[in-house]
Every structure is written in structure tokens, then in C-alpha cells.
Amino acid sequence: MLKAHDYGAFPPEDWWEPDQRKGVSPPPLEKSFDENAKLIDLIDPKNFKVGKIPLIDAIANRASERSFTDKPLTLEEISYLLWATQGVKEVDKNKVWTRRVVPSGGGRQPYETYLLIQNVDTLKRGVYRYLPIEHKLVLVTEYLPSADELMDKAWFQNFIGKSAVVFVWAATPYKTEWRYSLVSYKDILIEAGHICQNLYLACEGIDAGTCAIAAYEQKVMDELIQVDGENELTIYIAPVGKIKAR
């Protein structure tokens, strides 16, 4: 892997050439899933009744929240948060890009969203994955560590165990590398910020809060959402829960 100081004034002529320019077919826009799996329908964005607050208020009130109530999130609220962070507006007919509610270099959108569901109406406790193109959920596993174990995995940040749901964003680097080669890494990491800021702002519209976490046990979190840690790896996590009125 090249480092920034390796580029120098005269990098190798082909170091930057991405697979797209070599005629390689693009990787899938979305991670595949078992066609026989039972998918969970989410509320259509056109039918949202939540989240309708002035943007200026959401920006002004945005804060990192580490204290959550025991009130569950609703399926509509989960649907809204997922759409606000990875909602798809358009899919390229050639399957090269998607246009979503968050920006992404070349529209490649390298992130998958996993949910550690702890306290959401109508959803069993477990690990789920969001399918943004379908706007549905698929169950990854019913196994989810206890609240105390989750706290341990996030370096004893206790609020993770008291959240209703933990958003886990995992990147598949090659989705972006296919188009931008080794310069992809800056873009991939920046995009985590785009996604998470939308989560912060969206939470303001449902009387919820979040506090993003980068301190977690990498191998343990990768294993929990069932990714290999190489071709796909956890980058960022954000517990979400209802908060007391400010």
C-alpha cells in the first residue's frame, strides 16, 4: 500500500490507473443478499410523518448525546434514519453509480449500514443490514451480545449498551478503488463523516440523539456484523436512542 510520502514528484506511471479505465466491470452497487431471505419492509419516505423540523433548528440543536431513555424507537423512525443516511434517489441504468441523500465520489457509495437492534418496536433483537436500493432490512443474525458485552466491545463507553439501536457503517474499499484507485482512501473516510452528520441532524427530528464512536475493538465488531475485516471492514459506529426533552 502506498503512503502519501511515497507519491513524490514522479510516481510510477500506472500507480493511479483504476480498474474502470482498464475495462473491468464495476463491483455491485450493493452487497448481495440471499434471494430467499425474508426482507423486512420499511416505511416509504413519501409517507414519513416524522422528522419535519426546520433545518436551521436541527443544525443549531445538534449535539452528541450519551444519555438515553428506555423508550423504544418505532419502525417509522428507523426507516427515516436509514433513509436520511443512505437513502437512494436514483440508480444508474449501467449500475456504475447511485445518487443518494449523501455525497460520494463518483457515486460509488462504498458503505453498508448494519444495525444492532436492541429496542425497536416490531423488530426482534439482533443484527440487521439495510438494503438501500430496496429500502428494506435483512436479518444478518439473531445473535447480539448483551448490553454489558456491547459496552466492553466499545471500550466501556456505557451509553452504547443503553441505546435503542447502534448504527455500524462498514466500507468495501474496492467499490471506490474501482473508479479512483489508491487515492480512494481519503474519500472513503471523508464519506463516513457525511453519513454520520446526516444521522445527527435526522435524530433532532425524532427527539433522539447519537454520539459517534471510533473507539471499538475492530476484530470483534467486524465479526459481530459478519464481515471479513479486509474486503469489508467496520469504520464508524453510532448508538442512537430517545433523549429527555431539552
Checklist entry - Residues two or more places apart in sequence or in another chain: which of them pass side-chain contact (heavy atoms from CB on, under 4.5 Å) with Asp41? => result Lys136
Next on the checklist: Do Ser184 and Tyr174 pair up side chain to side chain, a donor and an acceptor below 3.5 Å, judged on atom types alone?
Outcome noted: no
Checklist entry - How about Ser163 and Gln118: do any of their side-chain heavy atoms sit closer than 4.5 Å? => result yes
Checklist outcome for this item: Residue pairs passing the salt bridge (Lys or Arg N to Asp or Glu O under 4.0 Å) test with at least one member in residues 65-89, sequence neighbours excluded, are Glu65-Arg246, Glu77-Lys242
Checklist entry - Do Asp228 side-chain atoms and Glu230 backbone N/O form a donor-acceptor pair below 3.5 Å? => result yes
Next on the checklist: How close do Trp97 and Gly106 get, counting heavy atoms only, and between which atoms?
Outcome noted: CB-O, 3.5 Å
Next on the checklist: As an exercise, state the distance from OG of Ser25 to CH2 of Trp178, rounded to the nearest 0.5 Å.
Outcome noted: 8.0 Å
Checklist entry - Hey, does Leu233 have a side-chain heavy atom less than 4.5 Å from the side chain of Pro173? => result yes
Checklist entry - If you round to the nearest 0.5 Å, how far is CG of Asp92 from OG1 of Thr98? => result 9.0 Å
Checklist entry - Can you name the nearest heavy-atom pair linking Ala238 to Cys196, along with the distance? => result CB-SG, 4.5 Å
Next on the checklist: Let me check something: do Tyr143 and Leu139 share a hydrophobic cluster, defined by ILVMFWY side-chain heavy atoms less than 4.5 Å apart, either directly or through other members?
Outcome noted: no
Checklist entry - Which residues, ordered by chain and number, are linked to Val91 in its hydrophobic cluster, where ILVMFWY side chains connect at heavy-atom gaps below 4.5 Å, directly or through other members? => result Leu29, Val88, Ile133
Next on the checklist: How close do Tyr111 and Ile188 get, counting heavy atoms only, and between which atoms?
Outcome noted: OH-O, 2.7 Å
Item to check | By side-chain contact (heavy atoms from CB on, under 4.5 Å) - contacts of Glu35 (at least two apart) | outcome: none
Checklist entry - Can you name the ring-ring contact (aromatic ring centres under 6.0 Å, His included) partners of Tyr80, sequence neighbours left out? => result Phe48
Item to check | Shared hydrophobic cluster for Ile53 and Ile43 (ILVMFWY, side-chain gaps under 4.5 Å) | outcome: no
Checklist entry - Apart from Leu55 itself, what residues make up its hydrophobic cluster, given side-chain heavy atom links below 4.5 Å? => result Ile59, Leu201
Checklist entry - Are Ile213 and Val166 grouped together when hydrophobic residues (ILVMFWY) are joined by side-chain heavy atoms under 4.5 angstrom apart? => result yes
Checklist entry - Got a sec, which pairs hit salt bridge (Lys or Arg N to Asp or Glu O under 4.0 Å) with one end in residues 97-124, sequence neighbours left out? => result Glu90-Arg99, Glu112-Arg129, Glu112-Lys175, Lys124-Glu142
Item to check | Ile160 versus Pro239, closest heavy-atom pair with distance | outcome: CG1-CG, 3.8 Å
Next on the checklist: Is there a continuous path of hydrophobic side-chain contacts, each under 4.5 Å between heavy atoms, that joins Leu131 to Leu116?
Outcome noted: no
Checklist outcome for this item: The side-chain contact (heavy atoms from CB on, under 4.5 Å) partners of Ala84 (sequence neighbours excluded) come to Ala202
Next on the checklist: Restricting to side-chain contact (heavy atoms from CB on, under 4.5 Å), what partner residues turn up for Leu123, sequence neighbours left out?
Outcome noted: Ile40, Leu75, Ile117, Val120, Tyr128, Leu137
Checklist outcome for this item: The side chain to side chain contact (heavy atoms under 4.5 Å, CB included) partner of Trp169 among Thr113, Ile235, Ile237 is Thr113
Checklist entry - Between Pro72 and Asn119, is any pair of side-chain heavy atoms under 4.5 Å apart? => result yes
Checklist entry - Does the side-chain contact (heavy atoms from CB on, under 4.5 Å) test come out yes or no for Leu42 and Trp83, once each step is laid out? => result CA-CA 10 Å; Leu42 295 171; Trp83 176 84; over 6 Å; no
Checklist entry - Which side chain to side chain donor-acceptor pair (under 3.5 Å) pairs, counting each pair once, include a residue from residues 44-63, with sequence neighbours left out? => result none
Checklist outcome for this item: Heavy-atom closest pair (Gln109 atom, Pro103 atom, distance to 0.1 Å) is NE2-C, 4.2 Å
Next on the checklist: Less than 3.5 Å apart, any donor N or O on the side chain of Glu177 or Tyr185 sitting next to an acceptor on the other?
Outcome noted: yes
Next on the checklist: Is it the case that over 12 heavy atoms from other parts of the model lie below 6.0 angstrom from the CZ atom of Arg125?
Outcome noted: yes
Next on the checklist: Can you tell me how far apart CZ (Phe167) and OH (Tyr130) are? Round to the nearest 0.5 Å.
Outcome noted: 9.5 Å
Item to check | Backbone of Val227 reached by a side-chain donor or acceptor of Asp222 within 3.5 Å | outcome: no
Checklist entry - Got a second to check how far Leu224's CG is from Leu144's CG, nearest 0.5 Å? => result 6.0 Å
Checklist entry - Within the side chain of Gln218, is there an N or O that forms a donor-acceptor pair under 3.5 Å with the backbone of Thr234? => result yes
Checklist entry - What residue pairs, at least two apart or across chains, pass ring-ring contact (aromatic ring centres under 6.0 Å, His included) with a residue in residues 225-246? => result none
Next on the checklist: Check for me, please, whether Val168 and Ile195 land in the same ILVMFWY cluster - side-chain distances under 4.5 Å, paths through other members count.
Outcome noted: no
Next on the checklist: side-chain contact (heavy atoms from CB on, under 4.5 Å), that's the test. Do Val50 and Thr74 meet it? Break it down for me.
Outcome noted: CA-CA 10 Å; Val50 300; Thr74 67; 5.7 Å; no
Checklist entry - Could you state the interatomic distance from CG (Leu73) to CZ (Phe68), rounded to the nearest 0.5 Å? => result 9.5 Å
Checklist entry - Could you state the interatomic distance from OG (Ser79) to NE2 (His135), rounded to the nearest 0.5 Å? => result 5.0 Å
Checklist outcome for this item: Besides Ile190, the hydrophobic cluster formed by Ile, Leu, Val, Met, Phe, Trp and Tyr side chains linked at under 4.5 Å, directly or via other members, contains none
Next on the checklist: Give me the atom names and distance for the closest heavy-atom approach of Val240 to Ala208.
Outcome noted: CG1-CB, 4.3 Å
Item to check | Polar side-chain atom of Tyr114 near backbone of Gln226 as donor-acceptor pair, under 3.5 Å | outcome: no
